[in-house]
Q: 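Input: one structure, supplied below.
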Amino acid sequence: MAVLSVERLSKAYDGVHALRGVSFSVDAGELVAMIGPNGAGKTTCFNIMNGQLRPDAGEVRLEGTALTGLAPRAIWRLGVGRTFQVAATFGSMSVRENVQMALLSHQRLLGSFFKKTEHVLVTQADALLGSVGMADQAQRPCAELAYGDLKRVELAVALAHRPRLLLMDEPTAGMAAEERQELMQLAARLARSEKLAVLFTEHDMEVVFGFADRVIVLHGGEIIASGTPAEVRNNPQVREVYLGDT
């Protein structure tokens, strides 16, 4: 069974179709890229999967459990993590404290954060930071971090509740070339080792074709191509509407 199953998803705004009957799946340990021009429907699709929007039709399932219509928090608790185009962390808190907050929220112990934080889930927080290469910066305030390091902290926060599915919205936006490669290598390694299903949107085609196992192409709210990076790169329709001579 696929970790994520999206079936016939449709959404319109004032008669303008953002999504038209979109169907796809993502398996455990697989990195799938969703690409397309601005306005293709990628963000709408992500927001429906995350519970921020309700579809007009269709279903989203996580390992067979229906997510459609559930609140974002309920979807998060069922095992869906998300990172955003602009990294969101608490700047005045330390790197470790940001991860502790996520761990405490997952365990419904958030009130404990306001007691002695240095003793609350430190081992678990540091293990997550170690998995994303940030253990040596655990005590630094997030406000002092370089942007690439903020992205790593955000990833650790997203992993705090041990998700089965990770949605990454333009994960390398605003990062230098070397940072982009390092972050996606990290995401790929975590997907393989944790059997994590990863769906990401991305405008950097070097990242897409370098790391995705499969690529889904949206245009005008519809899937116009889906396949391996090589198949999508050589698809005449994809080249015409999006890739050009990339």
Side-chain angles (χ1 to χ4, degrees), residues 3-4 26-33 46 49-52 62-63 65 67 72-91 93-110 112-113 117 120-140 142 145-173 175 179-202 207 211-213:
V3 174
L4 172 67
V26 184
D27 293 334
E30 186 178 34
L31 275 78
V32 176
F46 262 51
M49 290 185 288
N50 197 50
Q52 293 172 288
L62 180 73
E63 296 181 327
T65 299
L67 302 183
R73 185 174 184 82
I75 291 173
W76 174 75
R77 288 205 173 276
L78 285 171
V80 179
R82 183 171 179 178
T83 66
F84 294 85
Q85 181 177 351
V86 178
T89 59
F90 296 103
M93 292 182 180
S94 72
V95 168
R96 179 185 287 137
E97 286 171 339
N98 271 266
V99 179
Q100 285 174 297
M101 285 282 286
L103 287 166
L104 289 164
S105 179
H106 176 57
Q107 297 186 28
R108 303 180 189 273
L109 296 171
L110 203 53
S112 301
F113 185 80
T117 60
V120 180
L121 299 175
V122 172
T123 301
Q124 295 93 321
D126 286 353
L128 282 167
L129 291 172
S131 72
V132 300
M134 288 294 293
D136 61 340
Q137 301 195 59
Q139 297 186 59
R140 289 188 66 191
C142 280
L145 297 181
Y147 192 66
D149 289 336
L150 277 177
K151 288 280 192 174
R152 289 174 179 266
V153 176
E154 186 187 37
L155 180 55
V157 168
L159 295 173
H161 70 301
R162 301 185 64 84
R164 301 293 300 122
L165 169 67
L166 179 62
L167 305 174
M168 303 179 75
D169 190 359
E170 296 196 32
T172 69
M175 300 177 74
E179 291 177 325
R180 292 196 294 268
Q181 293 292 314
E182 290 176 352
L183 183 70
M184 292 310 296
Q185 286 169 359
L186 172 60
R189 185 170 68 251
L190 289 169
R192 309 290 189 253
S193 64
E194 303 298 325
K195 298 298 181 184
L196 181 65
V198 178
L199 178 67
F200 68 98
T201 64
E202 185 58 63
V207 169
F211 291 97
D213 298 308

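Because only heavy atoms are used, hydrogens play no part in the values below, and waters and symmetry mates are left out as well, while side chains stay in.
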Q: Can you tell me how far the OG atom of Ser131 sits from the CZ atom of Arg189, to the nearest 0.5 Å?
A: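 One finds 8.5 Å between OG of Ser131 and CZ of Arg189.
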Q: At what distance, to the nearest 0.5 angstrom, does CG of Asn98 lie from CG of Leu103?
A: 11.0 Å
Q: Could you tell me whether a side-chain N or O of Arg82 sits under 3.5 Å from a main-chain N or O of Leu167, the two making a donor and an acceptor?
A: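 No; zero donor-acceptor contacts below 3.5 Å.
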Q: Work out which heavy atom in Phe200 is nearest to a heavy atom in Ala212; give both atom names and the distance.
A: CZ-CB, 4.1 Å
Q: What is the distance from atom CD of Glu202 to atom CE of Met184, rounded to the nearest 0.5 Å?
A: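 Answer rounded to 0.5 Å: 7.0 Å.
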Q: Please assess Leu199 against Met168 for the test side chain to side chain contact (heavy atoms under 4.5 Å, CB included), listing each intermediate value before the final yes or no.
A: CA-CA 6 Å; Leu199 178 67; Met168 303 179 75; over 6 Å; no
Q: Please answer whether the main-chain N or O of Thr172 pairs with a side-chain N or O of Lys151 as donor and acceptor at a distance below 3.5 Å.
A: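 Absent.
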Q: CE of Met175 to CG of Leu150: how many Å apart, nearest 0.5 Å?
A: 9.5 Å
Q: Under 3.5 Å, is there a donor-acceptor pair between the side chain of Arg180 and the main chain of Pro171?
A: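 Side chain of Arg180 to backbone of Pro171, a donor-acceptor pair under 3.5 Å: no, none is there.
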Q: Please report the closest heavy-atom contact between Cys142 and Val153, naming both atoms and the distance.
A: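 Looking at all heavy atoms of both residues, the closest pair is SG-CG1, 4.2 Å.
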Q: Taking Val99 as the fixed residue, which of Thr89, Leu129, Leu104 is the one that meets the side-chain contact (heavy atoms from CB on, under 4.5 Å) rule?
A: Leu129
Q: Given Val80, which of Leu4, Leu166, Val3, Leu62 fulfils the side-chain contact (heavy atoms from CB on, under 4.5 Å) condition?
A: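 When Leu4, Leu166, Val3, Leu62 are each tested with Val80, the side-chain contact (heavy atoms from CB on, under 4.5 Å) holds only for Leu62.
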Q: May I ask you to test the Leu67-Asn50 pair for a side-chain heavy-atom distance under 4.5 Å?
A: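 Sidechains of Asn50 and Leu67: no contact.
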Q: Which atoms form the tightest heavy-atom contact between Gly81 and Pro163, and what is the distance?
A: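 Closest approach of Gly81 to Pro163: N-CB, 3.7 Å.
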Q: Would you compute the distance between atom CG of Leu183 and atom CZ of Arg152 and round it to the nearest 0.5 angstrom?
A: 6.5 Å
Q: Check whether any side-chain N or O of His161 sits under 3.5 Å from a backbone N or O of Gly79 as a donor-acceptor pair, and report yes or no.
A: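 Checking the backbone N and O of Gly79 against the side chain of His161, no donor-acceptor pair under 3.5 Å is found.
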Q: Any donor and acceptor pair, going by atom type alone, linking the side chain of Thr201 with main-chain N or O of Glu170 inside 3.5 Å?
A: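 Yes.
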Q: Could you pull out the closest heavy-atom pair between Ser94 and Gln139, with the gap in Å?
A: CB-O, 3.8 Å
Q: Tell me, with the steps shown, if Gln137 and Leu145 meet side chain to side chain contact (heavy atoms under 4.5 Å, CB included).
A: CA-CA 9 Å; Gln137 301 195 59; Leu145 297 181; 3.3 Å; yes
Q: Does the side chain of Gln52 come within less than 4.5 Å of Phe46's, by heavy atoms?
A: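 Contact flag for Phe46/Gln52 side chains = no.
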Q: Looking only at atom types and distance, does a side-chain atom of Asp213 sit under 3.5 Å from a main-chain N or O of Leu31, one as donor and one as acceptor?
A: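 Confirmed, Asp213 side chain pairs with Leu31 backbone.
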Q: How long is the gap from CZ on Arg162 to CD on Glu194, to the nearest 0.5 Å?
A: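 CD of Glu194 is found 6.0 Å from CZ of Arg162.
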Q: Go through Val26 and Val198 one step at a time and tell me if the side chain to side chain contact (heavy atoms under 4.5 Å, CB included) criterion holds.
A: CA-CA 7 Å; Val26 184; Val198 178; over 6 Å; no
Q: Could you tell me if the side chain of Leu128 sits less than 4.5 Å from the side chain of Met134, heavy atoms only?
A: no
Q: Can you tell if the side chain of Met101 reaches within under 4.5 Å of the side chain of Glu97, non-hydrogen atoms only?
A: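 When only atoms from C-beta onward are counted, Glu97 and Met101 do not touch, as no gap falls below 4.5 Å.
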Q: Can you tell me if Glu182 uses its side chain to pair, donor with acceptor, with the backbone of Glu179 under 3.5 Å?
A: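 It does not hold such a pair.
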